[in-house]
K.L.:
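The structure is given below, and queries will be raised subsequently.
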Amino acid sequence: MNHKGPATRIIHNRRHMDQFGSPYSPVYNTTTYRFENTAALLDVIEGRSEGNLYTRWGTNPSIRELEQGLAGLEQAEAALAFGSGMAAISATLLAHGRKGIVCVGDLYGGTQELLKNHCMALGIPVTFLFREEQNRLAHELGESGKLVYFETPANPNMAILDIRAIAETAHQHGALVAVDNTFASPINQQPLVLGADLVLHSATKYLSGHSDITAGALMASAELAKPVAAWRKNLGQLIAPETAALLSRSLRTLPVRIRQHNENAMAVAEAMEQHPKITKVHYPGLPSFEGHDLAKQQMTGFGGMLSIEVEGGQQAAVKVADSLKIFLLATSLGGVESLVSQPSATSHHGLSREERLKRGIGDGMLRLSVGLEDVEDLIADLNQALS
């Protein structure tokens with residue numbers, strides 16, 4: 001039976017049946033595998049039969065089952081699991097970006113550091129375009145073989161980029177498109193369906209959802225995943241089998257978790273938009289948000305992330321962040337608990353104030369990862385901190 005719903009697919013994601021009747025597979029924390037003879041070993045090494053050889057190569061039942069589930073979530077032919085989101089990003093850039101990488105819009109600080117400090121040092125041409133400079137994309141692509149890389153919604157102002165339009169331009173110039181889909185999750189957005197070639201996730205965030213796993217994921221066609229797998233193997237970036245099993249467990253609740261994140265974040269955004277001490281709310285679900293119409297076209301839900309701008313600038317924002325009781329002052333996002341952070345002090349601390357302002361990251365901006373608590377308590381916490 002071909003189950004099409006994401007919740008059904010991920011809950012019933014099994015590569016093999018357990019002999020004792022467990023609905024889920026056990027954890028295979030082995031590193032190596034025994035063969036009956038040399039011929040059977042060579043059949044696996046040379047690809048004539050499927051089997052497990054060595055876990056660092058990605059051949060492990062727990063990891064393969066996770067990857068099958070990840071691929072299904074993004075409607076992809078293949079998926080690769082990594083030890084972190086940055087591991088997934090770095091292997092993808094090294095596999096597909098060596099002829100040049102063109103970045104559009106705002107990026108996670110760790111990704112920017114990788115691109116500026118390491119990719120450029122390796123001789124990889126990297127170009128950064130502001131969101132308003134998308135009309136330069138065709139010119140910057142030049143010769144074929146480059147990689148276009150972007151996030152949508154973007155960190156931390158939730159800016160929305162048109163996946164379909166960027167993919168069309170890139171493909172006309174022989175370029176591949178990689179989209180970081182971490183903020184949206186596969187439940188709210190399907191970049192591959194919209195024309196992207198590769199989708200990346202920090203699985204530490206919504207895919208895990210409990211702030212207890214560090215992991216990353218790439219979803220793509222089998223052809224595009226293959227060279228990334230080679231970099232993963234030789235850089236030693238594989239996820240551990242125990243972590244893979246925990247992530248598989250978390251994915252079974254992803255659809256219902258995301259629905260509640262969406263609902264809670266919308267309620268918080270609407271409440272903050274009415275607050276006299278908030279000058280602006282950045283949330284794709286609000287009709288007042290600049291990218292709202294585009295978000296409605298390419299997203300089925302608007303996510304659990306939003307940012308607010310506090311009247312009074314940086315000092316006022318710090319006072320609010322320090323006064324919150326339920327929202328935890330912490331980095332990261334996507335867990336069941338609500339978090340607050342100030343981009344100018346965390347994710348974009350390395351940028352000059354001038355560059356932050358150019359990117360729309362004001363001194364008084366606070367980024368909120370809205371969790372699964374009772375939303376009335378979250379709104380009350382923000383109100384008391386703002387007062």
Side-chain angles (χ1 to χ4, degrees), residues 10 13-19 24-74 76-98 114 118-119 122 124 147 176 178 192 197-204 207-208 213-251:
I10 197 62
N13 173 55
R14 291 190 292 273
R15 288 181 67 91
H16 58 272
M17 302 302 292
D18 178 67
Q19 62 174 319
Y24 305 114
S25 299
V27 181
Y28 290 89
N29 57 7
T30 182
T31 58
T32 191
Y33 307 86
R34 179 178 61 85
F35 290 86
E36 292 297 327
N37 50 56
T38 301
L41 171 67
L42 289 173
D43 282 343
V44 171
I45 290 177
E46 295 174 3
R48 288 185 293 274
S49 64
E50 185 176 321
N52 299 300
L53 180 70
Y54 187 51
T55 288
R56 181 175 63 80
W57 289 25
T59 56
N60 176 286
S62 299
I63 296 170
R64 284 182 163 180
E65 184 158 295
L66 167 64
E67 291 175 340
Q68 178 177 274
L70 290 169
L73 283 172
E74 288 282 11
E77 186 180 11
L80 296 172
F82 291 79
S84 70
M86 285 307 302
I89 292 168
S90 61
T92 300
L93 297 182
L94 289 169
H96 294 293
R98 292 195 302 280
L114 170 67
H118 304 292
C119 289
L122 292 172
I124 298 173
L147 178 69
L176 294 175
L192 296 179
D197 302 292
L198 306 113
V199 177
L200 292 148
H201 286 270
S202 172
T204 308
L207 298 187
S208 163
I213 292 172
T214 301
L218 165 76
M219 293 80 146
S221 67
E223 180 184 2
L224 292 177
K226 188 175 181 180
V228 183
W231 280 99
R232 179 186 70 170
K233 179 183 77 170
N234 292 320
L235 290 175
Q237 299 174 311
L238 194 73
I239 191 172
E242 297 88 345
T243 306
L246 287 171
L247 183 52
S248 289
R249 175 214 60 184
S250 294
L251 293 179

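Since the structure is predicted, the reported quantities are computational estimates derived from the model, not experimental observations.
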K.L.:
What residues form a side-chain contact (heavy atoms from CB on, under 4.5 Å) with A240, not counting sequence neighbours?
P.N.:
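A240: side-chain contact (heavy atoms from CB on, under 4.5 Å) contacts with E242, T243.
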
K.L.:
Can you name the residues that form a side-chain contact (heavy atoms from CB on, under 4.5 Å) with A87, not counting sequence neighbours?
P.N.:
F82, S84, Q237

K.L.:
List the atom pairs, donor and acceptor, that lie under 3.5 Å between side-chain atoms in residues 214-233 and the rest of the protein, sequence neighbours left out.
P.N.:
residue	atom	partner	partner atom	Å
S221	OG	L224	N	3.2
R232	NH1	E67	OE2	2.8
R232	NH1	A81	O	2.8

K.L.:
Just verifying a value: how many Å separate L94 CG and I89 CD1, rounded to the nearest 0.5 Å?
P.N.:
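So the CG of L94 and the CD1 of I89 are separated by 12.0 Å.
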
K.L.:
Applying side-chain contact (heavy atoms from CB on, under 4.5 Å), run through I124 and L93 and close with a yes or a no.
P.N.:
CA-CA 10 Å; I124 298 173; L93 297 182; over 6 Å; no

K.L.:
Atom CE of M86 and atom CG of L114: how far apart are they, to the nearest 0.5 Å?
P.N.:
4.5 Å

K.L.:
Between T55 and N60, do the side chains contain a donor N or O and an acceptor N or O under 3.5 Å apart?
P.N.:
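Checked: N60/T55 side chains pair up, N/O donor to acceptor below 3.5 Å.
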
K.L.:
For a 4.5 angstrom cut-off between non-hydrogen side-chain atoms, does Y28 reach S62?
P.N.:
yes

K.L.:
Which residues satisfy the side-chain contact (heavy atoms from CB on, under 4.5 Å) test with L53, sequence neighbours excluded?
P.N.:
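In terms of side-chain contact (heavy atoms from CB on, under 4.5 Å), with neighbours along the sequence ignored, L53 is linked to F35, L41, V44, I45, W57, T59.
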
K.L.:
Run the side-chain contact (heavy atoms from CB on, under 4.5 Å) test against E46 and tell me which residues pass, sequence neighbours left out.
P.N.:
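Once residues adjacent in sequence are excluded, the partners of E46 under the side-chain contact (heavy atoms from CB on, under 4.5 Å) criterion are L42, R48.
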
K.L.:
Would you name the heavy atoms of A88 and L200 that are closest together and state the gap between them?
P.N.:
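In terms of heavy atoms, the two residues are closest at O-CD2, 3.6 Å.
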
K.L.:
Could you measure the distance from the OG atom of S208 to the NE2 atom of H201? Nearest 0.5 Å is fine.
P.N.:
13.5 Å

K.L.:
L70 versus L251: any side-chain heavy-atom pair under 4.5 Å?
P.N.:
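Contact flag for L70/L251 side chains = yes.
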
K.L.:
Could you pull out all residues at least two apart from T92 that satisfy side-chain hydrogen bond (donor to acceptor under 3.5 Å, both in side chains)?
P.N.:
none

K.L.:
Measure across R249 and I213 and return the closest heavy-atom pair with its distance rounded to 0.1 Å.
P.N.:
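Taking R249 first and I213 second, the nearest heavy atoms are NH2-CD1, 4.5 Å.
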
K.L.:
Under 4.5 Å between any side-chain heavy atoms of T30 and N52, yes or no?
P.N.:
no

K.L.:
Looking at CD1 of I63 and CG of L247, how far apart are the two atoms once the value is rounded to the nearest 0.5 Å?
P.N.:
11.0 Å

